[in-house]
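Okay, structure first, notes after.
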Amino acid sequence: MHSFEAYKQRPMAFIEQAESNGWSIKIYAISAQSLPLSAELVAGAKQLLSQLPQPAVTPSRYGVGFLIIHQGAMRNWFILDWWEDQDILHHLLFPSPLNNPAAITAEPDKSLIACVHELKIVNFESQAWIETVLSEGGEPGFDEYMKSRQS
């Protein structure tokens, strides 16, 4: 028999929109402890924007996405996602130790996606993409997508 802890919602917040090498990335914070996150944790996370493919904008890539910084119970998690090919979300995952947030490495287990807390933001971003970019009639609303933020 399995024993589970009851779900407790973690504080989450939109931090900022970052611009990097042609990319526009929404940055979110989640914490098992409290917000705001440390400046060291956020600065380390922003370094991950260098992992985004180049060029940012191609006929099938739009230069927009999001980064989730999650100060978890056992480690920090960084989820870097971007949109390509109309409706495909690409995903990179990185952890770091809680006591050394700048020691970020690529997650070797490629089967990991996200926890329930992070999936709330992923779900919001998916819905925002549908409503602003994949909506009927007219041009994709990338600017409107970037203005849609999980609160």
Side-chain angles (χ1 to χ4, degrees), residues 1-58 60-130 132-133 142-143 145-151:
M1 186 57 112
H2 298 285
S3 176
F4 292 88
E5 288 184 30
Y7 173 81
K8 293 179 186 148
Q9 185 168 326
R10 294 183 178 176
M12 65 176 60
F14 173 79
I15 298 176
E16 66 179 280
Q17 180 175 318
E19 307 295 326
S20 177
N21 295 318
W23 286 93
S24 293
I25 301 294
K26 301 179 203 181
I27 302 178
Y28 292 99
I30 304 173
S31 180
Q33 298 162 29
S34 65
L35 295 177
L37 300 177
S38 74
E40 179 185 19
L41 188 58
V42 174
K46 287 181 177 181
Q47 296 300 310
L48 293 173
L49 299 181
S50 68
Q51 300 294 312
L52 290 162
Q54 288 296 316
V57 178
T58 69
S60 63
R61 189 173 29 226
Y62 318 109
V64 296
F66 56 96
L67 170 64
I68 301 170
I69 307 167
H70 186 175
Q71 184 179 45
M74 297 184 295
R75 65 184 62 129
N76 300 305
W77 291 100
F78 308 88
I79 297 173
L80 182 57
D81 288 4
W82 68 94
W83 295 99
E84 284 192 36
D85 299 314
Q86 252 189 48
D87 58 3
I88 305 298
L89 186 64
H90 289 257
H91 179 84
L92 295 174
L93 180 63
F94 307 87
S96 76
L98 289 174
N99 64 354
N100 191 2
I104 301 170
T105 58
E107 174 57 44
D109 183 349
K110 301 297 183 196
S111 69
L112 291 178
I113 297 172
C115 77
V116 296
H117 306 284
E118 298 150 355
L119 286 174
K120 289 178 95 172
I121 294 173
V122 173
N123 183 56
F124 172 85
E125 289 296 317
S126 175
Q127 192 61 42
W129 189 256
I130 290 167
T132 61
V133 176
F142 298 120
D143 290 337
Y145 168 73
M146 293 305 296
K147 291 176 188 173
S148 297
R149 297 167 179 166
Q150 171 77 37
S151 53

Next item on the list: Supply the atom-to-atom distance His70 NE2 to Ile79 CD1, rounded to the nearest 0.5 angstrom.
Entry: 8.5 Å
Notebook entry, point to check: Which atom names give the shortest non-hydrogen contact between Ala32 and Gly72, and what distance separates them?
Noted result: CB-C, 3.7 Å
Item checked: Heavy-atom closest pair, residues Arg10 and Ser31 -> CB-O, 3.3 Å
Next item on the list: List the steps, then state whether side chain to side chain contact (heavy atoms under 4.5 Å, CB included) holds for Phe66 with Met146.
Entry: CA-CA 9 Å; Phe66 56 96; Met146 293 305 296; over 6 Å; no
Notebook entry, point to check: Where does the angle between the aromatic ring planes of Trp82 and His90 fall among parallel (under 30°), tilted (30 to 60°) and perpendicular (over 60°)?
Noted result: parallel
Check: Closest heavy-atom contact between Phe14 and Tyr28?
Finding: CA-CD2, 3.8 Å
Check: Do any N or O atoms from the side chain of Gln54 and from the backbone of Asn21 form a donor-acceptor pair under 3.5 angstrom?
Finding: yes
Note to self: How close do Tyr62 and Gln86 get, counting heavy atoms only, and between which atoms?
What the structure shows: OH-N, 2.6 Å
Notebook entry, point to check: Can you name the nearest heavy-atom pair linking Ala56 to Arg61, along with the distance?
Noted result: O-CG, 3.2 Å
Margin query: A side-chain contact here means heavy atoms from C-beta on lying under 4.5 Å apart; do Leu52 and Ser20 qualify?
Written below: no
Margin query: For Ile130, I'd like to know if atom CD1 has over 12 heavy atoms of other residues, nucleotides or ligands within 6.0 Å.
Written below: yes
Check: Is the side chain of Ser96 donor-acceptor paired with the backbone N or O of Ile104 at a distance under 3.5 Å, no angle test?
Finding: no
Note to self: I need the Glu84 CD to Thr58 OG1 distance, nearest 0.5 Å.
What the structure shows: 6.0 Å
Next item on the list: Evaluate the ring planes of His117 and Tyr7, with Trp represented by its six-membered ring, and classify them as parallel (under 30°), tilted (30 to 60°) or perpendicular (over 60°).
Entry: parallel
Check: Between Lys26 and Tyr145, is NZ or CZ placed under 6.0 angstrom from the six-membered ring centre and within 45° of the ring axis?
Finding: yes
Note to self: If you define the side chain from C-beta out and look only at heavy atoms, does anything of Glu118 sit under 4.5 Å from Ile30?
What the structure shows: yes
Check: Heavy-atom distance under 4.5 Å between the side chains of Ser34 and Gln71, does that happen here?
Finding: no
Notebook entry, point to check: Ile121 versus Leu119: any side-chain heavy-atom pair under 4.5 Å?
Noted result: no
Next item on the list: List the steps, then state whether side chain to side chain contact (heavy atoms under 4.5 Å, CB included) holds for Leu37 with Asn76.
Entry: CA-CA 11 Å; Leu37 300 177; Asn76 300 305; over 6 Å; no
Next item on the list: Could you tell me whether the side chains of Arg149 and Gln17 share a donor-acceptor contact shorter than 3.5 Å?
Entry: yes
Notebook entry, point to check: Side chains of Pro97 and Arg75: does their closest heavy-atom pair fall under 4.5 Å?
Noted result: no
Notebook entry, point to check: Is there a side-chain contact between Leu93 and Trp77 (heavy atoms, below 4.5 Å)?
Noted result: yes
Notebook entry, point to check: Mind checking whether Phe124 and Ser148 have side chains closer than 4.5 Å, heavy atoms only?
Noted result: yes
Margin query: I want to check something: taking the side chain as every heavy atom from C-beta on, are Leu49 and Trp23 in contact at a cut-off of under 4.5 Å?
Written below: no
Next item on the list: Let me know which of Leu92, Ile68, Ile69 forms a side chain to side chain contact (heavy atoms under 4.5 Å, CB included) with Phe78.
Entry: Ile69
Next item on the list: Measure across Glu107 and Pro95 and return the closest heavy-atom pair with its distance rounded to 0.1 Å.
Entry: OE1-CG, 3.5 Å
Notebook entry, point to check: Do Glu16 and Lys46 meet the salt-bridge criterion of a basic N to acidic O distance under 4.0 Å?
Noted result: yes
Check: How many angstroms lie between atom CD1 of Ile88 and atom CG of Asp81, to the nearest 0.5 angstrom?
Finding: 12.5 Å
